[in-house]
Colleague: 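Would you mind keeping the following structure in view while I ask a few things?
Everything numeric here is computed off the predicted structure, so don't read it as measured data.
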Amino acid sequence: QVQLVESGGGLVQAGGSLRLSCAASGRTRSGYAMGWFRQAPGKEREFVAAISFTGRNTYYADSVKGRFTISRDNAKNTLYLQMNSLKSEDTAVYYCAAETTYYSNIYYLRDDEYTYWGQGTQVTVSS
């Protein structure tokens with residue numbers, strides 16, 4: 001079992017920046033790929049970014065490419081999402097997710113590919 005706890009959300013003006021963190025605990029010795037998803041009010045949860053266990057491979061949704069950066073520090077068991085040039089449409093609850101894997105350089109893009117989820121952190125961007 002892996003437990004995930006997000007932090008770093010808040011209220012920011014459009015054009016501003018936030019950095020989300022996701023602390024993992026529990027069975028963290030296993031290799032696991034991680035990702036960020038978000039869900040805006042009245043909308044389905046959507047993929048934001050994913051990263052392989054080594055951190056070597058990353059993938060972004062088109063809507064955030066060039067503005068968001070996903071990274072991880074395995075020594076600290078922590079996943080990050082640096083969000084720059086925020087827009088009002090980025091307003092959502094952001095969730096981190098993890099999935100154990102034997103392959104150190106793959107990532108997952110669909111929410112049904114992840115087993116472990118955090119409770120979410122609210123990001124609100126005011127225009």
Colleague: In this structure, are over 12 heavy atoms from other groups packed under 6.0 Å from Y59 atom OH?
Modeller: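 No.
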
Colleague: Do other residues, nucleotides or ligands put more than 12 heavy atoms under 6.0 Å from K65 NZ?
Modeller: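 More than 12 within 6.0 Å, yes.
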
Colleague: Looking only at heavy atoms, which two atoms of Y95 and E6 are closest? And how far apart?
Modeller: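 Taking every non-hydrogen atom into account, CA-OE2, 3.3 Å.
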
Colleague: Which atom pair, heavy atoms only, marks the closest approach of Q82 to S17?
Modeller: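 Taking every non-hydrogen atom into account, NE2-CB, 4.0 Å.
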
Colleague: Kindly compute the distance separating CG (L4) from OH (Y116), expressed to the nearest 0.5 Å.
Modeller: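 L4 atom CG to Y116 atom OH measures 9.5 Å (nearest 0.5 Å).
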
Colleague: For the pair I51 and N57, evaluate side-chain contact (heavy atoms from CB on, under 4.5 Å) and give the outcome as yes or no after the intermediate values.
Modeller: CA-CA 6 Å; I51 189 167; N57 295 330; over 6 Å; no

Colleague: If you compare all heavy atoms of F68 against all heavy atoms of V48, which two are closest, and at what distance to 0.1 Å?
Modeller: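 Closest heavy-atom pair between F68 and V48: CD2-CG1, 3.8 Å.
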
Colleague: Measure the CZ-CD distance between R38 and E44 for me, rounded to the nearest 0.5 Å.
Modeller: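 The distance works out to 14.0 Å.
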
Colleague: Could you measure the distance from the OG1 atom of T58 to the CE atom of M34? Nearest 0.5 Å is fine.
Modeller: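 So the OG1 of T58 and the CE of M34 are separated by 14.5 Å.
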
Colleague: Less than 4.5 Å apart, any side-chain heavy atom of V125 and any of Q13?
Modeller: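 The answer is no; the side chains never approach within 4.5 Å.
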
Colleague: Minimum heavy-atom separation for A40 to T91, with atom names?
Modeller: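 It is CB-O, 3.6 Å.
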
Colleague: What's the shortest heavy-atom distance between Q1 and Q3, and which atoms?
Modeller: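 Of all heavy-atom pairs spanning Q1 and Q3, the closest is CB-NE2, 3.6 Å.
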
Colleague: Pick from V123, N84, T121: which one makes a side chain to side chain contact (heavy atoms under 4.5 Å, CB included) with L18?
Modeller: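 Testing L18 for a side chain to side chain contact (heavy atoms under 4.5 Å, CB included) against V123, N84, T121 leaves exactly one candidate, V123.
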
Colleague: Using the side-chain hydrogen bond (donor to acceptor under 3.5 Å, both in side chains) rule, take T115 and E99 through it: C-alpha gap first, then chi angles, then the decisive distance, then the call.
Modeller: CA-CA 6 Å; T115 300; E99 178 60 28; 2.5 Å; yes

Colleague: On the 0 to 90° scale, with breaks at 30° and 60°, tag the F53-Y32 ring pair as parallel, tilted or perpendicular.
Modeller: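 The rings of F53 and Y32 sit tilted, inter-plane angle from 30° to 60°.
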
Colleague: Identify the two heavy atoms, one from I106 and one from A33, that lie closest to each other, and give their separation to 0.1 Å.
Modeller: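 So the minimum-distance heavy-atom pair works out to O-CB, 3.7 Å.
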
